[in-house]
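See below for the structure under consideration.
Chain letters run A, B, ... following the sequence lines, proteins first, then strands; residues in each count from 1. Every value quoted in this text rests on a predicted model; they were computed, and no experiment measured them.
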Protein chains: 2
Amino acid sequence: MVSAPIAWQTDRMSTIRGARERARIEVTAAIKDEARKQLAEEGAPKLSLRAVARELGMVSSALYRYFPSRDDLLTALIVDAFDAIGAAAEQAAAEQAAGEAPPAERWVAVSCAVREWALAHPHEYALIYGSPVPGYIAPMDTVGPAARVGLVLIDIVRGAYRAGDLTLPPLADGLRADAERMAADFAEGVPPESVAALVAAWAQLFGLISFELFGQFNRVVEEREALFRQTAGELARSVGLRDAGTA
Amino acid sequence: MVSAPIAWQTDRMSTIRGARERARIEVTAAIKDEARKQLAEEGAPKLSLRAVARELGMVSSALYRYFPSRDDLLTALIVDAFDAIGAAAEQAAAEQAAGEAPPAERWVAVSCAVREWALAHPHEYALIYGSPVPGYIAPMDTVGPAARVGLVLIDIVRGAYRAGDLTLPPLADGLRADAERMAADFAEGVPPESVAALVAAWAQLFGLISFELFGQFNRVVEEREALFRQTAGELARSVGLRDAGTA
DNA sequence: TCCAAAGCAAGAGCACTGCTCTCGTTCATG
DNA sequence: CATGAACGAGAGCAGTGCTCTTGCTTTGGA
């Protein structure tokens with residue numbers, strides 16, 4: 001029997017094979033750090049391999065030993081960003097779970113955590129939820145990290161369902177089959193009605209964040225946090241979570 | 001396909017000042033057309049002044065007689081895109097108004113028209129609703145065209161309110177002042193409760209479209225039109241429009 | 001009618017970019 | 001210890017946005 005792949009990876013990481021391998025890991029991390037720094041300052045389109053190399057005191061061609069192309073470096077940053085926003089959501093959910101808060105409140109807390117991460121890392125947010133780079137096709141490595149926020153939201157709904165605290169929203173006929181497939185694929189233990197509403201709420205949540213971050217609310221909305229909180233609460237209700245305000 | 005001319009443009013066009021001026025207008029239009037073509041094929045980041053000039057049989061420096069910089073060319077395309085999606089929304093609204101459809105149905109029709117325009121012009125949509133270009137600040141010329149879709153939605157709600165067909169959604173205390181300001185600024189004749197809900201629904205609508213267009217629904221949602229229709233209907237209800245489905 | 005002023009296209013050139021290739025050097029391992 | 005792989009440096013290619021100069025053409029006023 002072969003051990004789990006995770007364990008095998010940890011094995012490799014703990015077993016330092018030599019100075020060269022360790023240097024490689026360090027340089028790779030340094031490149032990503034510098035790239036992330038430039039990303040935060042100038043944004044993805046301005047991220048330049050040459051500038052990263054320059055700042056690191058090496059020549060541009062040396063960078064290709066670590067990342068075969070600029071897109072691959074971007075992919076690494078994308079994965080990191082998905083992981084970071086996913087971790088922020090998971091942490092918020094964990095904190096709420098400890099306090100035994102009602103599901104709707106946990107939903108709002110997670111939503112706010114996601115929004116706050118986005119406000120703190122606008123360029124990284126734009127990298128993962130903004131316009132995709134044309135010609136760039138997200139490799140499979142990204143789908144796992146990309147799902148983390150969604151899974152947190154699913155968990156909240158599943159918990160509410162198991163506790164009998166979930167009101168089933170209406171479901172259009174044309175959506176039932178797809179909703180059942182989605183439930184089976186990545187939301188086991190959640191009724192299809194809620195899965196469909198959940199996916200819609202998920203997109204709407206990020207719509208609010210994107211509008212705020214991408215400047216669509218400029219000259220329109222001022223009290224953005226209040227609007228977000230209120231709307232996130234209504235989205236919680238729309239997926240069937242009991243209203244937190246009436247508790 | 002020429003975009004809707006602005007007032008002063010029409011003025012100038014009717015008063016032909018000379019061959020030179022006419023040539024200038026034609027060349028400007030040709031540049032925009034070619035740029036739009038390349039935009040549709042490759043996307044905004046790949047849009048190259050030199051390539052546009054090459055395709056038009058002129059030298060790159062000549063292009064600067066018409067657009068002082070690449071950003072200015074992009075601005076022109078942005079204004080056109082806002083105008084186009086605004087026109088699509090207005091047309092859908094006009095068609096629905098002629099048939100005296102209930103407000104919620106008109107809301108859904110406008111939403112679907114916007115979505116369909118987005119699906120037909122993904123790169124232009126990404127240009128106006130995707131990640132903003134870092135360092136690029138939208139000039140004032142864009143705010144008018146950018147507001148058109150929103151104004152169509154406001155009109156529907158205002159019509160429903162005047163007809164006594166509007167249910168007022170709840171409004172958080174922290175939002176009332178801002179909502180009143182918004183109502184005074186650009187939604188006269190609409191109660192503040194509805195304005196706040198309207199702005200949120202507006203962002204959520206585009207969140208759905210962006211998620212679909214930017215690939216976030218890949219491997220998740222299949223029946224995207226059905227999900228959009230259902231959610232647009234619920235958004236209509238969330239701003240207080242009478243449910244169309246129960247008619 | 002003539003002429004200066006303004007508009008225009010072209011070309012050279014600058015400082016960049018991503019990326020490839022070659023050339024010595026250094027390291028890890030059989 | 002010797003050999004092959006990994007590595008950093010540098011030159012070079014094709015492309016980019018943008019500027020400046022150089023002539024030519026059109027335009028509008030004297």
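Here A/L47 lies in heavy-atom contact (under 4.0 Å) with sugar-phosphate atoms only.
Listed pair A/Y66 / D/dG8 meets the phosphate criterion, a side-chain N or O lying under 4.0 Å from OP1 or OP2. Dashed line: the shortest gap from a side-chain N or O of B/S48 to OP1 or OP2 of D/dG17 is under 4.0 Å. Between B/R54 and D/dT16 there is a side-chain N or O to OP1 or OP2 distance below 4.0 Å.
Less than 6.0 angstrom separates the ring centroid of A/F82 from the ring centroid of A/Y129.
Counting heavy atoms from C-beta on, the side chains of B/K32 and B/F67 come closer than 4.5 Å.
Although no hydrogens or angles enter the test, the distance criterion places no donor-acceptor pair under 3.5 Å between the side chain of B/T142 and the main chain of B/A138. No donor-acceptor distance shorter than 3.5 angstrom exists from the side chain of B/D83 to the backbone of B/P145, with no hydrogens or angles considered. Without hydrogens or angle criteria, B/R219 side chain to A/V143 main chain gives no donor-acceptor distance under 3.5 Å. No side-chain donor-acceptor contact under 3.5 Å links B/R54 to the backbone of B/L49. B/Q204 contributes a side-chain N or O that, together with a main-chain N or O of B/A200, makes up a donor-acceptor pair within less than 3.5 Å.
The side chain of A/R20 approaches D/dA6 more closely than any other nucleotide in the set D/dG10, D/dA6, C/dA9. Checking C/dT26, C/dT22, C/dG11 against the side-chain heavy atoms of A/R65 singles out C/dT22 as nearest.
Remark: the A/Y125 side chain and the A/S210 side chain contain an N/O donor-acceptor pair separated by less than 3.5 Å. B/T75 and B/D72 share no side-chain donor-acceptor pair at under 3.5 Å.
If you check residues 67-77 of chain A against DNA chain C, the residues with a heavy atom closer than 4.0 Å are A/S69, A/R70, listed by number.
The distance from atom CD of A/E42 to atom P of C/dT17 is 11 Å, rounded to the nearest whole Å. Residue A/Y64 contributes atom OH, which lies 14 Å from atom C1' of D/dG12 at whole-angstrom precision. Following rounding to the nearest Å, B/E21 (CD) and C/dA6 (C1') show an atom-to-atom distance of 13 Å. Here D/dG10 presents its P atom at 15 Å from CG of A/L63, a figure rounded to the nearest Å. Between the CD atom of A/E26 and the C1' atom of C/dC27 there is a distance of 16 Å, rounded to whole Å. If you take CD of A/Q38 and P of C/dC16, they are 14 Å apart, rounded to a whole angstrom. Atom-to-atom, CG of B/L49 to C1' of D/dC18 comes out at 9 Å; the value is rounded to the nearest Å. Rounding to whole angstrom units, NZ of residue A/K46 and C1' of C/dG18 are separated by 15 Å.
Between the side chain of B/S61 and the base of C/dA10, at least one donor-acceptor pair of N or O atoms lies under 3.5 Å.
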Going by atom type alone, with no hydrogens or angles, which donor-acceptor pairs under 3.5 Å involve a side-chain atom of residues 113-122 of chain A and a protein atom two or more places apart or on another chain?
unit_1	atom_1	unit_2	atom_2	d
A/R115	NE	A/E212	OE1	3.0
A/R115	NH2	A/E212	OE2	3.0
A/W117	NE1	A/H121	ND1	3.4
A/H121	ND1	A/W117	O	3.0

Under-3.5 Å N/O pairs linking protein and nucleotides 13-15 of chain C:
unit_1	atom_1	unit_2	atom_2	d
C/dG13	O6	B/R50	NH2	3.4

